[in-house]
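Within every chain, numbering begins at 1; the chains are lettered A, B, ... in the order of the sequence lines, protein sequences first and strands thereafter.
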Amino acid sequence: MDSLGALRRTHTCNELGPDHLDREVILMGWVLRRRDHGGVIFIDLRDRWGVTQVVFNPERNADVHAKAHRLRSEWVLAVRGTVCRRPADMENPKLKTGAIEVLVNELLILNVSETPPFPLDEDIEVSDNLRLQYRYLDLRRPEKAGNLIMRHQAVMAVRNYLSENNFLEIETPMLTRSTPEGARDYLVPSRVNPGKFYALPQSPQLFKQLLMMAGMDRYFQVVRCFRDEDLRADRQPEFTQIDMELSFVGEEDIIRIAEGMIQAVFKAAGNIELQPPFNHMTYDEAVQRFGTDRPDTRFGFELVDLTETLRGCGFKVFNSVIAGNGVVKAINAKGCATFSRKDLDNLADYAATFGARGMAWIKIREDGWQSPISKFFSADEIKAMGEALGVEPGDLILFGAGPAAVANQVLAELRLELARRLGLIKEGTYDFLWITDFPLVEYDQKEKRYSAVHHPFTAPNEDQLDLLATDPARVKSRAYDLVLNGNEIGGGSIRIHRRDVQEKVFAVLGIEPAEAQEKFGFLLRALELGAPPHGGIAFGVDRLMMILTGSDSIRDVIAFPKTQKATCPLTDAPAAVDRKQLTDLSLRPDW
RNA sequence: GGGGUCGUAGCUCAGCUGGUUAGAGCGCCGGCCUGUCACGCCGGAGGUCGCGAGUUCGAGUCUCGUCGGCCCCGCCA
């Protein structure tokens, strides 16, 4: 093994070309592949930037050639050599450096490597567990490294853009206090305060508001947030937000800043030109037309409400749903009358996973409507449904019936599934949509109380303050979400900056004055000491990068992600700790 | 908390209705090879069929349990 010593590289493995012919260069990197012909040996040398072919020729230097025979995958090399044009017809168009090769005069073996536990040079699927256990190997693969590079470019664009717009990046505590509502907290026991706990922040929400009260005016932070909930492809227990807050602004100011930032990110990270302003849609319209507050509007299949059309109809299932204050909605799956019984059963099973009790359907044939349920409808009802849905022969009607929330979710998921099955979702399109006019609160049937749709600090619509006490469910909030291709990538609101309003909202949420004082006294006090009007927004960096990189999971854009059980196969976290560590924290284990 | 799916060589996988010695490709090791770029040719090594019970004359295969990966519901202001 050789020492690096004073030797330094002159170029990366992605920058040599015909301009460098005959130059002596020094490259360093990993052995991606070796092709040993007994005589001449070719090594593809890889670093973060790319790949360069280096050549060992026994006629040029027999000692170096002999040494090169030992080389194996992922050994770490330094080579000194001469840039040569490749022989005619032997250029490799797949490599950026494919016009040249480096004829090696000196080889340093900086480190050896065992055979890697999985191949790094092919695009084959490797189990997630193994990849995470050897994450540092997985990240050597250009696709994975490229995701992290693009993430860096995106975050740099954010910092530059916001800095140019007079924002200050300010850090907020990671050790803070647990707050009611929201997700489960990660707790950290306090050694010097036995029996008391910090919580890791679910977001810097209150601190950024306090920074507005501190007169910082424009704050941002690229900040880690923690939520102890079950994981998904797009949810990790720790994730990164671009968090910002502004003073003396309304919704339109924040939306304009956010659009400019997203535009800068897409340009810097993906060389994609966006054209703000983005479209807007109210929450009510989104739910009515798409069944969700984060609609994917890249395709049709919109929901049609048939509740009034079918009130009193002959189909008992629908009738009882409607009588029980439920809704009957439907989508027209254009051209899907060709679906087999198996296809439909399959869709019904899928619908059932979202709480559907069944999935009624009607095929529109040239010779009439074909369905197990069409016989229950009158001619007038059939005519009205057909017109409402705009059906033509060859179409398929899918119904969702039940409580509004269930029917909406079922049909929202069905239209997504249909679009996927029919290949209607065009890759490379970026469909942004602002959702506005959210309800301030919604009634939680299980908890028998109202809970905040956004969070407890979101400002109610100013001319609906009177409704807070009488009919809070009708109050709209000053919140807004940014949806991209059906993914919620950001959300924010104008905040409450008056103590009396904040107290009223707490009251709606069932937070008693004593509890409000105990948990949020510091905020209420700050609201008494000159809190400016303010608002903000936060974006999920991981989800944004998942979409920009075309990844299926945010794990692919996080350097060291966790498994679905929130473990890290690389470090084996979480892990047991010494009993002494627990007793230091005044924790008395019962195991 | 619940549903689905996967687990066989270092990796990716095949292995039917239970049946003799569990296979393939890649990788790895050895040999040959001076223009390859997924180099080629010849030879070889390599297995706790995730783990544990059970059924059976006999289990990679069937049953039950369990562990782990992934996807989803609930949950995630």
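Per the stacking criterion (ring centres < 5.5 Å, plane angle < 30°), H37(A) does not stack onto the base of U36(B). The side-chain ring of F118(A) is not stacked on the base of C11(B), judged by centre separation under 5.5 angstrom and plane angle under 30 degrees.
Rounded to an integer number of Å, the gap from CG of D228(A) to P of C75(B) is 16 Å. Across the protein-nucleic acid pair, N92(A) atom CG and A38(B) atom C1' stand 11 Å apart, rounded to whole Å. To the nearest angstrom, C1' of C11(B) lies 16 Å from CD of E114(A). Between D138(A) atom CG and C11(B) atom P the separation is 14 Å, expressed in whole Å. The nearest whole Å value for the distance from the CZ atom in F56(A) to the P atom in G35(B) is 17 Å. Rounded to whole Å, the distance from CZ on R35(A) to C1' on C32(B) is 19 Å. Computed from coordinates, the D444(A) CG to G74(B) P distance equals 13 Å when rounded to whole Å. Put simply, CE on M90(A) is 16 Å from P on C39(B), counting in whole angstrom units.
Centroid-to-centroid, the aromatic rings of H69(A) and F56(A) stay 6.0 Å apart or farther.
Classified by interplanar angle (parallel below 30°, tilted 30° to 60°, perpendicular above 60°), the ring pair F438(A)/Y283(A) is tilted.
Using atom P as the reference point in both C49(B) and A9(B), the two lie 10 Å apart (nearest Å). Look at the C1' atom in both C71(B) and U36(B): the space between them is 42 Å, to the nearest Å. Rounded to whole Å, the separation between the C1' atoms of U8(B) and U12(B) comes to 12 Å. Distance check on atom C1': U21(B) versus C11(B) gives 25 Å, rounded to whole Å. G19(B) and G3(B) have their P atoms separated by 31 Å, with the value rounded to a whole Å. Nucleotides U56(B) and C64(B) have their C1' atoms positioned 16 Å apart, rounded to a whole Å. Here, G58(B) and U17(B) have their C1' atoms 16 Å apart, quoted to the whole Å. A distance of about 15 Å separates the C1' atoms of C26(B) and G40(B), rounded to the whole Å.
Salt-bridge check for K208(A) with D243(A): passed, with a basic side-chain N closer than 4.0 Å to an acidic carboxylate O. By the 4.0 Å N-to-carboxylate-O rule, E442(A) lies too far from R449(A) to be salt-bridged with it. Contact check on R294(A) versus E488(A) returns no salt bridge, with no Lys/Arg side-chain nitrogen under 4.0 Å from an Asp/Glu carboxylate oxygen.
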Checking Q517(A) against I511(A) for the side chain to side chain contact (heavy atoms under 4.5 Å, CB included) test, could you report, in this order, the C-alpha distance in whole Å, the side-chain angles of both residues, the deciding distance, and whether it holds? CA-CA 10 Å; Q517(A) 189 56 42; I511(A) 301 173; over 6 Å; no
Go through it in stages, so that I can follow the logic: the residues are R415(A) and T292(A), the test is side-chain hydrogen bond (donor to acceptor under 3.5 Å, both in side chains), and I'd like the CA-CA distance, side-chain angles, deciding distance and then a yes or no. CA-CA 11 Å; R415(A) 69 178 282 276; T292(A) 174; over 6 Å; no
Kindly indicate, with the supporting measurements, whether the criterion side-chain hydrogen bond (donor to acceptor under 3.5 Å, both in side chains) is fulfilled by E15(A) and T97(A). CA-CA 7 Å; E15(A) 59 180 318; T97(A) 60; over 6 Å; no
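Nucleic acid contact for P456(A): base, since at least one base atom lies under 4.0 Å from a heavy atom of the residue. Residue-level contact check: V55(A) touches neither bases nor backbone, having no heavy atom under 4.0 Å from any strand. The residue D36(A) sits close to a base: some heavy atom pair falls under 4.0 Å. If you check every strand for non-hydrogen atoms under 4.0 Å, L130(A) touches sugar and phosphate atoms only. The residue E101(A) sits close to a base: some heavy atom pair falls under 4.0 Å. F354(A) comes within contact range of the sugar-phosphate backbone alone, with a heavy-atom separation under 4.0 Å but no base atom that close. S203(A) comes within 4.0 angstrom of a nucleotide base, judged by non-hydrogen atoms across all strands. Looking at heavy-atom distances under 4.0 Å, R184(A) makes no contact with the nucleic acid at all.
RNA chain B is contacted by both Q409(A) and E91(A); E91(A) maps to the nucleotide lying nearer its 5′ end (nearest heavy atom per residue). With RNA chain B read from its 5' end, the first of the two nearest nucleotides for F42(A) and R34(A) is the one closest to R34(A).
U34(B) makes up no base pair with any nucleotide shown, lacking Watson-Crick or G-U wobble contacts both under 3.5 Å. When both distances must be under 3.5 Å, the Watson-Crick or G-U wobble mate of A24(B) is U12(B). Across all strands shown, C62(B) pairs with G54(B); the Watson-Crick or G-U wobble distances both stay below 3.5 Å. In a base pair of the Watson-Crick type (N1 to N3 plus N6-O4 or O6-N4) or a G-U wobble (N1-O2 and O6-N3), with each distance short of 3.5 Å, G7(B) is matched with C67(B). Remark: C76(B) base-pairs with no nucleotide in the shown strands. Criterion, Watson-Crick or G-U wobble with two distances under 3.5 Å. Taking a pair to require two hydrogen-bonding distances under 3.5 Å in either a Watson-Crick or a G-U wobble arrangement, U17(B) remains unpaired.
The shortest side-chain heavy-atom distance between E503(A) and L524(A) falls under the 4.5 Å cut-off.
Among N346(A), L347(A), L422(A), the one residue that satisfies the side chain to side chain contact (heavy atoms under 4.5 Å, CB included) test with E417(A) is L347(A). Applying the side chain to side chain contact (heavy atoms under 4.5 Å, CB included) test between I554(A) and each of Q236(A), R232(A), M545(A), R235(A) identifies Q236(A) as the sole match.
Ranking U34(B), U36(B), C76(B) by closeness to the A183(A) side chain, first place goes to C76(B). Between U36(B), G10(B), C29(B), one nucleotide has an atom nearer to the side chain of R86(A) than all others, and that is U36(B).
Contact annotation: side chain of R72(A) to base of C29(B), donor-acceptor pair absent below 3.5 Å. The base of C37(B) lies outside donor-acceptor range of the side chain of R33(A), with no N or O pair under 3.5 Å.
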How would you summarise protein contacts on nucleotides 66-71 of chain B per nucleotide, using B for base, S for sugar-phosphate only and - for none, with heavy-atom distances below 4.0 Å? --SSBB
